[in-house]
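Worksheet: one structure, shown below.
A, B, ... follow the sequence lines: proteins, then strands. Residue 1 opens every chain.
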Amino acid sequence: QAGSMGSEVLGPSREREGPESNQCSLHPFQVSFHQLGWDHWIIAPHLYTPNYCKGACPRVLRYGLNSPNHAIIQSLVNELVDQSVPPPSCVPYKYVPISLLLIEANGSILYKEYENMIAQSCTCR
Amino acid sequence: KVGQPSIALPAEVPTLPLILELLEEAPAKQQGKPQVLGHPLRYMLELYQRSADAHGHPRENRTIGATMVRLVKPLTNVARPLRGPWHIQTLDFPLRSNRVKYQLVRATVVYRHQLHLSHFNLSCYVEPWVQKSPTNQFPSSGRVSSKPSLLSKAWTEMDITQHIRQRLWNHKGRRVLRLRFVCQQPKDSEVLELRWHGTSSLDTVFLLLYFNDTHKSGQKTKLLPRGLEEFMERDASLLLRRVR
């Protein structure tokens with residue numbers, strides 16, 4: 001009985017998991033500072049690779065996803081209690097900084113390391 | 001103000017650090033890029049290339065010792081009338097207001113100690129500007145840097161961290177570092193009226209301020225105990241039945 005009930009409840013979740021390629025993962029993405037409209041300010045580098053996270057979060061948030069306790073509970077709530085509570089979302093987990101060389105409005109030149117500018121891995125939370 | 005693309009900024013914009021910084025520091029798009037040429041730009045490009053790779057990733061082995069370096073050019077450039085073989089420029093460097101977030105770790109003044117003007121090689125040095133004190137010297141910390149330098153032989157980098165900290169850093173309001181750039185003709189040469197205006201003070205003296213970000217935070221998330229994670233991974237359906 002429990003098994004059949006479980007499969008009913010879990011139906012939408014399996015759709016959520018989707019095919020292997022749709023799993024939550026890091027996608028490389030590059031943009032130029034010219035495209036962002038910041039090339040009058042930023043001298044170097046010319047290209048910026050922020051990357052992004054996209055994909056479905058699995059029904060069971062396994063160890064490798066680094067999901068916090070809250071995400072695991074929210075996943076269970078979505079699954080078992082109330083589907084109006086959304087499942088966890090696929091978002092960046094680790095970031096790395098980027099070094100920029102800038103010209104400020106007053107003509108000063110600035111080297112600066114900006115934290116959390118490049119997504120390096122993803123998590124469900 | 002920032003330029004394209006126009007972003008509808010929410011009312012609480014000042015709480016968004018990157019956007020706030022863009023609003024404060026970025027030149028307006030329509031103004032175009034401020035013109036900074038010559039040695040200061042070359043110096044900072046080289047500093048950048050040593051500290052980060054072509055994609056902007058900070059290098060593991062970077063020796064910069066700070067997360068932010070600001071090159072400040074002099075605001076004014078007052079050249080005194082010739083006095084024998086001496087040529088003196090008074091230079092003002094504006095120091096921005098203190099930001100709690102950034103801690104000054106080092107300040108240096110970079111200048112040409114050899115200047116070629118009208119077929120003469122001048123010997124130059126920098127000293128703090130103090131009214132009616134012709135023999136003023138930097139305190140002992142104002143020594144020439146022994147660190148690996150990005151500079152050619154004609155340039156000197158002098159540490160003035162203590163001078164700035166003691167005299168200026170904690171002042172409220174507008175702060176200006178005033179320095180004298182002093183050059184001397186060779187002793188045996190004929191004293192000629194050399195013209196400074198052929199030499200941009202920006203290209204002969206600039207200030208470097210090194211800062212560290214004191215608000216670096218690494219948000220660590222406590223995970224489930226490993227045993228529980230493995231249990232969930234191994235038999236999720238069992239867990240679901242138990243919860244139900």
Side-chain angles (χ1 to χ4, degrees), chain A residues 2-3 5-7 9-10 30 34-49 58-73 76 79-81 93 96-118 123 125, chain B residues 2-6 18 21-22 24-29 31-36 40-41 43-45 47-49 51-59 62 64 66-73 94 96 202 211 213 216-217 221-224 226 229-230 232-233 236-237 239-241 243-244:
Chain A
M5 284 178 72
S7 67
V9 174
L10 299 181
Q30 196 168 68
H34 176 72
Q35 287 173 291
L36 289 172
W38 294 348
D39 57 323
H40 65 298
W41 187 45
I42 296 172
I43 305 171
H46 295 297
L47 296 174
Y48 170 34
T49 311
R59 183 169 53 90
V60 176
L61 300 176
R62 59 184 187 278
Y63 178 66
L65 283 171
N66 295 300
S67 294
N69 294 345
H70 178 269
I72 292 167
I73 300 304
L76 289 175
E79 193 79 53
L80 304 172
V81 182
Y93 175 61
V96 291
I98 189 172
S99 295
L100 298 180
L101 193 64
L102 316 160
I103 292 189
E104 294 178 295
N106 64 2
S108 298
I109 311 174
L110 186 70
Y111 165 91
K112 189 167 178 184
E113 294 172 14
Y114 286 85
E115 291 294 317
N116 304 330
M117 291 287 282
I118 298 170
T123 185
R125 65 188 313 165
Chain B
V2 176
Q4 297 168 346
S6 61
L18 183 61
E21 204 157 295
L22 284 168
E24 281 186 357
E25 295 175 5
K29 181 87 176 173
Q31 284 178 355
K33 191 180 287 187
Q35 282 295 307
V36 180
L41 183 59
Y43 182 94
M44 290 301 277
L45 280 171
L47 180 142
Y48 181 84
Q49 284 158 5
S51 306
D53 66 18
H55 303 285
H57 302 138
R59 295 187 193 280
R62 61 193 185 282
I64 194 169
T67 55
M68 185 166 96
V69 182
R70 174 172 282 118
L71 183 149
V72 185
K73 62 181 184 179
R96 295 163 58 123
L202 174 58
F211 299 92
D213 188 341
K216 272 193 173 182
S217 62
T221 308
K222 197 163 189 282
L223 302 172
L224 281 177
R226 174 128 197 179
E229 286 154 6
E230 285 174 352
M232 291 179 74
E233 208 170 346
S237 61
L239 179 68
L240 290 176
R241 280 199 296 274
V243 170
R244 288 179 71 87

Query raised in the report: Do you know the tightest heavy-atom contact between A:Ile98 and B:His55?
Result: CD1-O, 4.1 Å

Query raised in the report: Roughly how far, to the nearest 0.5 Å, is the NE2 atom of B:His57 from the OG1 atom of A:Thr49?
Result: 6.0 Å

Requested in this report: Measure the spacing between CG of B:Asp213 and CD of A:Glu113 and express it to the nearest 0.5 Å.
Outcome: 10.0 Å

Query - Atom pair CD1/CG of A:Ile109 and B:Leu41 - distance to nearest 0.5 Å - result: 5.0 Å

Query raised in the report: Which atoms form the tightest heavy-atom contact between B:Arg70 and A:Ser108, and what is the distance?
Result: CG-CB, 4.2 Å

Report summary line: B:Met68 and A:Leu110 have their tightest heavy-atom pair at CG-CD1, 3.5 Å

**Report entry** Test item: A:Tyr111 side-chain N/O and B:Leu71 main-chain N/O as donor-acceptor pair under 3.5 Å
**Finding:** no

Query raised in the report: Most heavy-atom pairs under 4.5 angstrom with chain A, which of B:Ala54, B:Pro58, B:Ala52?
Result: B:Pro58

Requested in this report: Taking all non-hydrogen atoms of both residues into account, name the closest pair between A:Ser99 and B:Tyr48 and its distance.
Outcome: O-OH, 2.8 Å

Query raised in the report: With only heavy atoms counted, which part of A:Ile118 is less than 4.5 Å from chain B, the side chain, the backbone, both or neither?
Result: side chain

